[in-house]
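Data block below; observations after.
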There are 2 protein chains.
Amino acid sequence: MATMADVARKAGVSRSTVSYTLSGIRPISDDVRERVRAAMRELDYSPNALARGLASKRSGIIAMLYPLLERGVNLSGLDHIGAAAAQAREAGYNMLLWTTAVEDIDGLEELTQQGLVEGVILMEVRQNDPRVRFLTDAGIPFSSIGRSGLEGDAPYVDTDFDGTARDALAHLESIGHRAVAFINHSRSTIEKGYGLALKMQLAMETAALALELDLVSVACDPQFRAGSDAFVTLSRERPEVTAIVSVNEKALVGVVDGITRSGLAVPDDISIVALLSSVETAETSVPSLTTVSPPPHEMGREAMRYLVECLESGTRAGHQRLVPGQLVVRESTGAARRHEHTATR
Amino acid sequence: MATMADVARKAGVSRSTVSYTLSGIRPISDDVRERVRAAMRELDYSPNALARGLASKRSGIIAMLYPLLERGVNLSGLDHIGAAAAQAREAGYNMLLWTTAVEDIDGLEELTQQGLVEGVILMEVRQNDPRVRFLTDAGIPFSSIGRSGLEGDAPYVDTDFDGTARDALAHLESIGHRAVAFINHSRSTIEKGYGLALKMQLAMETAALALELDLVSVACDPQFRAGSDAFVTLSRERPEVTAIVSVNEKALVGVVDGITRSGLAVPDDISIVALLSSVETAETSVPSLTTVSPPPHEMGREAMRYLVECLESGTRAGHQRLVPGQLVVRESTGAARRHEHTATR
DNA sequence: CTGTTAGCGCATTCAT
DNA sequence: ATGAATGCGCTAACAG
């Protein structure tokens with residue numbers, strides 16, 4: 001590994017000149033610049049990140065906090081990560097992956113005390129997320145995917161829940177559905193501070209009101225069985241329902257089973273729209289699922305972009321954004337069947 | 001941020017003594033050790049990773065290479081990562097995540113030239129993987145999950161394909177199956193150097209021979225449609241088949257559909273064993289899938305452990321390991337139906 | 001057992 | 001437009 005001193009010697013200049021040609025923060029004559037560059041090339045020089053970081057107090061490392069031991073991770077998490085990593089790289093940063101639980105503030109403190117990390121990206125943010133509190137107090141720049149409710153003016157990217165609900169219901173309404181069931185997460189999940197469930201609930205109710213649709217909300221455990229049973233009950237008690245909107249990916253598989261068990265078919269009798277689902281899941285389902293989801297790669301990129309901007313310019317303005325969902329119509333939605341109480345049980 | 005000098009001053013010792021109490025590589029009197037520790041506590045000192053890395057030439061950072069733009073990533077990838085990250089942390093390392101394509105050797109070179117990374121973990125390893133070649137030439141310690149065929153004595157952890165095939169077939173054999181179909185990846189996948197497909201093929205053939213089972217192999221594109229059609233064809237041409245073993249997760253969903261289309265049921269008419277599938281997928285399938293897979297967290301942990309050992313002791317011996325599959329019987333396998341040509345089409 | 005000192009490779013201030 | 005010199009915070013000889 002060649003060092004800056006090697007380059008300087010070879011180019012016949014001082015070390016600082018080499019440094020400045022690299023950073024460009026002070027004028028360098030064309031002649032010298034060329035000599036330095038040539039020397040770098042010949043020596044296959046590349047700056048040492050540790051030394052640079054130590055001297056400049058800028059490590060160029062961003063930590064991605066992605067708690068992995070939680071509730072079953074889903075595939076869009078990977079998209080977020082991939083997008084954030086790509087964006088980081090383009091901006092000249094490296095991305096550290098930190099996977100301990102949301103509650104592990106000691107670990108987080110240890111990480112940030114090392115002086116290795118310039119900024120942090122938070123994923124799987126919860127209502128009142130302790131990490132947000134810690135990072136704010138510690139004065140460490142961060143940006144989050146999702147909201148905790150206490151970020152203040154810190155940057156974040158979150159789902160536009162209202163838009164997502166509206167798009168889903170508008171799609172159903174446009175093809176004739178009038179009564180829709182909303183399969184949400186379980187109450188215990190909501191209570192654990194998984195804010196998504198609550199926000200989605202409100203958004204659905206608002207959108208249904210605006211579109212004058214009948215909305216039946218069902219809280220459901222994230223299991224096959226729960227979903228299946230939920231539908232059977234639903235179809236008995238609310239036979240007028242012709243469409244289902246779900247944020248509960250796990251339960252949804254069961255719902256489809258419940259529909260089949262009830263002697264009904266998707267989308268002939270019941271249409272389904274999945275919210276915030278990964279493309280993977282939507283496309284490998286049978287039938288494939290119509291979805292409304294904000295593109296995960298956009299969320300990942302934006303969150304990283306905001307953080308980098310904070311790091312480099314100190315600006316925090318306009319760095320809070322709600323990403324609208326994107327409706328992708330697949331096989332699970334179709335025109336509403338005429339409301340004539342088709343066989344159930 | 002307190003520095004070592006601060007601690008030294010407060011404890012009334014020299015800087016090096018502080019350093020040595022931390023590393024423990026030279027004897028320190030109990031008295032001094034206590035004073036130093038107290039000073040550290042009071043100042044809330046924690047060593048600067050960059051400075052330490054620069055001075056010691058050991059950054060404490062390991063890069064995890066996990067190409068993300070490839071063929072649809074699966075969920076066990078996340079398990080590998082999570083396990084590796086946990087292991088890294090326990091060993092005192094941080095884990096950098098690098099997500100560019102396998103072919104992006106320039107990017108990899110850039111990363112490793114920075115002097116930021118001490119060692120590398122490779123995932124999604126391909127036959128003749130260019131990354132292995134590069135890292136070997138560059139003399140950068142690495143460990144891989146999967147094999148490229150050119151690691152030499154470099155550490156790796158891979159699936160025990162023979163064991164996996166044997167366990168899957170032995171299970172089927174024990175419940176009366178005599179003719180089994182093997183749904184592999186597509187030929188093009190095999191040709192792209194995705195060695196898993198080839199190794200699994202050989203292992204299945206060997207195991208079938210040993211158990212005196214009839215084996216029909218089918219190469220299949222990773223799509224719903226392909227899987228579905230493949231089964232329909234299969235059941236027409238080989239009606240004696242009562243069980244299916246698959247490594248092709250994507251196609252498998254289709255296979256189940258094909259079975260249904262043929263008027264058959266799982267596991268009453270056809271049993272299914274999924275190989276190398278994630279627990280997630282297995283449990284959310286309908287019916288849930290009997291699987292044989294090596295525990296991904298074990299593979300992740302081991303790969304990381306091997307790398308850390310190389311880094312710290314230079315020992316490479318005995319660091320190549322094949323992890324046996326683990327049979328988990330779920331709903332998709334049952335006793336073979338008596339061979340009596342039940343209705344097809 | 002402890003202290004002194006010389007770097008690690010680079011950024012940056014102060015000269016010129 | 002360029003050079004010289006200092007220091008970032010720590011490790012690891014070397015000296016005692």
| query | Would you say A/Thr99's side chain and A/Leu68's backbone share a donor-acceptor pair under 3.5 angstrom? | reply | no

Test your reading of the model: is there a side-chain donor-acceptor pair from B/Thr17 to the backbone of B/Val13, 3.5 Å cut-off? no

Bend of the helix from C/dC1-D/dG16 to C/dT16-D/dA1 from end-axis comparison, five pairs per end, nearest 10°, comes to 40°

Do A/Gln114 and A/Glu110 have side-chain atoms, one donor and one acceptor, less than 3.5 Å apart? no

Verify whether one side chain among B/Tyr93 and B/Arg58 offers a donor that lies under 3.5 Å from an acceptor in the other.
yes

Residue set satisfying salt bridge (charged side-chain N to carboxylate O under 4.0 Å, His left out) with A/Glu302, at least two apart, ordered chain then number -> A/Arg305, A/Arg321

* Under 4.0 Å between a Lys/Arg side-chain N and an Asp/Glu carboxylate O for B/Asp30 and B/Arg35? -> no

* Using a strict cut-off of less than 4.0 Å between a Lys/Arg side-chain nitrogen and an Asp/Glu carboxylate oxygen, indicate whether A/Arg301 and A/Asp79 qualify as a salt bridge. => no

The first and last nucleotides of DNA chain C lying within contact of chain B, meaning any atom under 4.0 Å from one of its heavy atoms, run from C/dC1 to C/dG9

Only residue of A/Val157, A/Ile81, A/Leu307 satisfying side chain to side chain contact (heavy atoms under 4.5 Å, CB included) with A/Ile121 is A/Leu307

Partner of B/Val120 under side chain to side chain contact (heavy atoms under 4.5 Å, CB included), picked from B/Phe134, B/Phe142, B/Trp98, is B/Phe142

In B/S/- notation (B base, S sugar-phosphate only, - none; protein heavy atoms under 4.0 Å), nucleotides 9-16 of chain D written 5' to 3' is BBBBBB--

Within residues 106-118 of chain A, the residues having a heavy atom closer than 4.0 Å to DNA chain C are none

In this structure, CG of B/Asn94 is separated from CG of A/Leu116 (nearest 0.5 Å) by 5.5 Å

Test salt bridge (charged side-chain N to carboxylate O under 4.0 Å, His left out), reference B/Asp129, set B/Arg126, B/Arg133, B/Arg131, output is B/Arg131

Across all chains, not counting sequence neighbours, the ring pair (Phe, Tyr, Trp, His ring centres under 6.0 Å) partners of B/Tyr306 are B/His319

